[in-house]
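Here, residue 1 is the first one in the sequence, and each next residue gets the next number.
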Amino acid sequence: MEIRGLHFDHLITFRVKDQKENWLEGIKVMEGFPLNHEVYKNGPVFFSFEEEEDGKGLFTYYMPINTGIEFEEGITDFAYLNRYQLKQSLLLRQAQEESDFSTAYEKVKAYAAAENLSVEDSYICVLLNVYGEYIIDLYVPLKEWSEVQ
């Protein structure tokens with residue numbers, strides 16, 4: 001476990017309420033997003049999850065791109081975000097080795113409690129595609145440093 005920041009400029013975002021176990025559906029949407037020849041993906045797709053009730057919650061998916069864009073009128077599911085930055089978070093590398101995200105998140109919360117650190121009630125999963133397999137890094141924002149810009 002380590003303390004790390006997370007920073008990306010120029011992102012496309014997509015938000016949806018869904019069951020926690022359906023996290024992969026939003027990834028498919030983002031990876032299938034049509035980009036023109038002047039705009040391209042330049043970083044890993046990642047998402048945040050804020051649990052609400054009964055395993056449901058709000059997913060926000062992010063895809064870094066090379067430059068800012070404006071969406072055509074009528075496109076409401078997607079938005080542009082200039083910057084995403086977490087100044088300090090607890091990072092659990094290769095969280096896919098845990099049985100699920102909840103287990104990984106609970107492991108980070110237990111570590112935070114043992115170290116007397118206060119964490120947010122949300123997490124960010126960064127999906128790194130390595131040779132066709134996903135490696136997942138789980139970031140849990142520290143409360144005093146969790147400002148997203």
Apply the test ring pair (Phe, Tyr, Trp, His ring centres under 6.0 Å) to residues Y84 and F46: give CA-CA distance (whole Å), side-chain angles for both, the deciding distance (0.1 Å), then the verdict. CA-CA 11 Å; Y84 183 94; F46 62 101; 5.1 Å; yes
F78/F33 aromatic ring centres below 6.0 Å: yes
Decide yes or no for P141 and I124: does some side-chain heavy atom of the first lie under 4.5 Å from some side-chain heavy atom of the second? yes
Any donor-acceptor N/O pair, Y111 side chain to L117 backbone, under 3.5 Å: no
For the residue pair F14 and D77, establish whether any side-chain heavy-atom pair is separated by less than 4.5 Å. yes
Closest non-hydrogen atoms of V39 and N66, given as atom of the first, atom of the second and distance, are CA-OD1, 3.3 Å
Are there over 12 heavy-atom neighbours, none belonging to K107, within less than 6.0 Å of that residue's NZ? no
Would you say N82's side chain and H10's backbone share a donor-acceptor pair under 3.5 angstrom? no
Ion pair present between K56 and E51, side-chain N to carboxylate O less than 4.0 angstrom? no
May I ask you to check whether F59 and Y61 place their ring centers less than 6.0 Å from one another? yes
Contact between V119 and K143 at the side-chain level, heavy atoms closer than 4.5 Å - yes or no? no
Any idea which heavy atoms bring L91 and D137 closest together, and the distance? CD1-CB, 3.7 Å
Going hydrophobic residue to hydrophobic residue with side-chain gaps under 4.5 angstrom, can you get from I3 over to Y105? yes
Please examine the side chains of M1 and L92, heavy atoms only from C-beta on, and report whether any two atoms are closer than 4.5 Å. yes
Report, as yes or no, whether the 6.0 Å neighbourhood of atom CD on E70 holds more than 12 heavy atoms from other residues, nucleotides or ligands. no
About how many Å separate CD of Q85 and NZ of K87, when rounded to the nearest 0.5 Å? 5.5 Å
So, for Y123 and V140, which heavy atoms are closest and what is the spacing to 0.1 Å? CB-CG2, 4.1 Å
Which atom pair, heavy atoms only, marks the closest approach of L90 to A112? CD1-CB, 3.6 Å
Check whether any side-chain heavy atom of R4 lies under 4.5 Å from a side-chain heavy atom of R93, and answer yes or no. yes
Residue pair V45 / E31, side-chain heavy-atom distance below 4.5 Å: yes
Heavy-atom distance under 4.5 Å between the side chains of I12 and I69, does that happen here? yes
What heavy-atom pair brings V108 and L138 nearest, and what distance separates the two atoms? CG2-CD2, 4.0 Å
Can you tell if the side chain of L58 reaches within under 4.5 Å of the side chain of R15, non-hydrogen atoms only? yes
Nearest heavy atoms of S89 and Y139, plus distance in Å: CB-CD2, 3.9 Å
